[in-house]
Number of protein chains: 2
Amino acid sequence: MKGIRQLAKHLDISIGTVSRALNDKPDVNEETRKRVLAAAEELGYVANQSGRSLRQGTTNVIGLMIEASQETVENGDNFFLSVTGGLQSVFTRHKLDLVMLPCPSDEDPHEYLKRMVARRVVDAMIISATQRIDKRIDFLSKAKIPFVALGRSSSGGNYPWIDLDFEGVAACAVERLVAKGHRRIAIAAPSTDINLGYVFVDAYRQALERHGLEFDPDLIIRVKSSEQGGYQAGTELLRLKDRPTAIILIYELMAIGLYRRMVEAGVVPGRDLAVIGFREEPRARFLQPTLTCFRLSLRDLGTKLAETLLASMPAYSALYPKGAQNTIWPLELAPGESDAFTITP
Amino acid sequence: MKGIRQLAKHLDISIGTVSRALNDKPDVNEETRKRVLAAAEELGYVANQSGRSLRQGTTNVIGLMIEASQETVENGDNFFLSVTGGLQSVFTRHKLDLVMLPCPSDEDPHEYLKRMVARRVVDAMIISATQRIDKRIDFLSKAKIPFVALGRSSSGGNYPWIDLDFEGVAACAVERLVAKGHRRIAIAAPSTDINLGYVFVDAYRQALERHGLEFDPDLIIRVKSSEQGGYQAGTELLRLKDRPTAIILIYELMAIGLYRRMVEAGVVPGRDLAVIGFREEPRARFLQPTLTCFRLSLRDLGTKLAETLLASMPAYSALYPKGAQNTIWPLELAPGESDAFTITP
DNA sequence: CTGCCATACAGAAACGTTTCCGAGAAGCAC
DNA sequence: GTGCTTCTCGGAAACGTTTCTGTATGGCAG
């Protein structure tokens, strides 16, 4: 005989009363409640989660699914750790715990998700790295499991998501460069398999057209989102005839590699080539000349994710009014020296 | 009425038999088992984890605790994701699931651990970023919760841990440099608060003494384990009178910053200064000249961690014989060009 | 036919918790 | 005294699963 029963016997009180006392339910004398709390503290009693979950049909655990994709591992940034900080700042207010669920690389992410959800180990899910067509979204919608996605997708119709403001960033970057007289603006981006590689480049194209500039497919340099990719992008850039005078990097870590390649070729970033990076990256912060880039708080993004998720959960939706369930997350321009290069006609 | 009961009714069989069929227990006709499995697949039945945990007293979940500590953040996500790959390769064989438990930065890691364990949400724990004195280890030992630690500690007496072979690496690096004629060998390391900053430098000192070289405290450059730290280390190095001819970097990411500082000063790594990095880091892989460093497979480290843990769990110890429960994980020298610089007397 | 074993299944208890239902006691108005 | 709340608590059911115990069946030896 363990658990709440022992605690009840120790207090000579029924287990029902003990349970109500511990869970801040009414129908329990204030003095009794104090006695119970004191005894629980003294005996180190903590409710068994399995029993509670079984009875309540809820686990009070939110899952953050993580794919150990090639890209994630290679980039090796603190993306998830930073986001979890924001998530937890919200969840702890509601006694919800966050667990990160790493999908084994040899298991289909969709199957993994199904397994985790079917076993009822979490109440709700946060998924990221969404594909343009993502079976997980269809599944979660149909199974009526509360979830929120970091990233848009064409799947599933209307569902809660948050995504970065690629359009805004691309427009801002292009406008800034055009204002400095640039006409041939290259862009380094990953392949179109990845949603970002598609959406961002499309936004770039639209921005160009708004400024009456022709869209030259040669100026799209498809490389990996890494330092090495940046180095390769530099090589590609140097090879282009009628060389561009500016380049937009879709992932800022590329800047480190690009700088290296430029220095090797005697091209000085900021003086001979304007460079703008997309997302702020701590490791690129010490570059000289400093990089013009777009900044966002991953922690704040995390809190917004959490709030969006809770708003979609019946038990919490009262506290987090169900406004727009989709958010385009804005980024802030952080001007640096890397795009100082100005074309004077 | 849901779950196994519905499945049993659908098959017109008792729930006991269904349960045994699903769990590969004896006392069930082979044909019946097939029928049950087929029906479960058809109806999409998956056992509710709460019910199962409650009955069995076991959750089949292993927790990997993650602290958003200084060191962790610098390592980045890829460190843990690589390790989880190895962990899961073992766990999946036993139908164990891995969850990562990120300790909120505003909660005491020890309290967080206690909470997770007391609620019986995991059967066992993997902890990392161990402190020289670590309350978690004492707690887990006393509570008889199976666990394994990545990193040594002075706490808790005899407990299962795995740690990297700092001594071996320091000895090998020093020996290699001494053989090339170097006499003044600097080392860039984090502060002694971090276990690594203490143990590694101590091993370096011992290695020097074995070769009859004097230990000069000025040659210990205390910087952060980051690119920026490497850059600072470069500045410090250049300032030293009787400048060292070689430097050992305790974290390879420093090399990127160090290289930059050296190039700025007209010092060519590998030609004018010998450089050896401690741990291989994908982000530093493209450096020129290539870095001499020590390599380890994080994935293999993960499998060893998992095996060590399972060996300490009664339910699995038969399969993973309890050998030495402590492992000094060896690293492999990956020779590059960065330490080609040789002193000829 | 009896006795005995092995096989295959049904039935029920148990895991620890929450929550529903009912009831005793006390207070108050009539 | 009766009737009606209000407060506090005890008892028991329920959550979904695993596992223990019992039992019917059939085969086989005696």
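These values consider heavy atoms only, across backbone and side chains, with no hydrogens, waters or symmetry-generated copies. Letters A, B, ... are given to chains in the order of the sequence lines, protein chains preceding strands, and every chain is numbered from 1.
- Among the heavy atoms of the strands, none lies under 4.0 Å from B:Gly57.
- There is no side-chain donor-acceptor pair under 3.5 Å between A:Gln88 and A:Thr84.
- In summary, A:Glu30 and A:Arg33 engage in a salt bridge, as defined by a charged side-chain N under 4.0 Å from a carboxylate O.
- The pair A:Glu42-A:Arg35 does not count as a salt bridge, with every side-chain nitrogen at least 4.0 angstrom from each carboxylate oxygen.
- Within the nucleic acid shown, B:Thr32 comes within 4.0 Å of sugar-phosphate atoms alone, with no base atom in reach, counting heavy atoms only.
- Atom CG in A:Asp24 sits roughly 12 Å away from atom P in C:dT18 (whole-Å rounding).
- Distance from the side chain of B:Lys25 is smallest to D:dT19 among C:dT19, C:dA10, D:dT19.
- Between the side chains of B:Thr58 and B:Asp123, at least one donor N or O sits under 3.5 Å from an acceptor N or O.
- Note on B:Asp27: a base of the nucleic acid sits closer than 4.0 angstrom, heavy atoms only.
- In the set C:dC9, C:dT17, D:dT17, the nucleotide with an atom closest to the side chain of B:Ile15 is D:dT17.
- Taking atom CD on B:Glu31 and atom C1' on C:dC9, their separation rounds to 14 Å, with Å as the unit.
- Atom CG in B:Leu54 sits about 12 Å away from atom P in C:dT18, given to the nearest Å.
- For B:Leu11 and C:dC9, the CG to C1' distance is 14 Å, given to the nearest whole Å.
- With hydrogens and angles left out, the side-chain atoms of B:Thr17 and B:Ser14 include a donor and acceptor closer than 3.5 Å.
- Regarding contacts with the backbone of C:dT18, a side-chain N or O of A:Arg52 is found under 4.0 angstrom from either OP1 or OP2.
- B:Ile4 places its CD1 atom 15 Å from the P atom of D:dC15, with the value rounded to the nearest Å.
- The listed nucleotides are C:dC9, C:dA10, D:dG10; the one nearest the side chain of B:Asn29 is C:dC9.
- When the P atom of C:dT17 is taken as reference, atom CZ of A:Arg120 falls 22 Å away, rounded to whole Å.
- Checked against D:dC9, C:dT18, C:dA10, the side chain of A:Val28 finds its nearest nucleotide in D:dC9.
- The CG atom of A:Asn48 sits 12 Å away from the P atom of C:dC15 (whole-angstrom rounding).
- One atom, CD of A:Gln56, and another, P of C:dT18, lie 6 Å apart when rounded to the nearest Å.
- The listed nucleotides are D:dT17, C:dA8, D:dC9; the one nearest the side chain of A:Thr17 is D:dC9.
- In this structure, the nucleotide among D:dG10, C:dT18, D:dT17 sitting nearest to the side chain of A:Arg20 is D:dG10.
- Closest to the side chain of B:Asn23, out of D:dA13, D:dT18, D:dT17, is D:dT18.
- The residue among A:Gly51 and B:Arg55 whose nearest nucleotide of DNA chain D lies closer to the 5′ end is A:Gly51.
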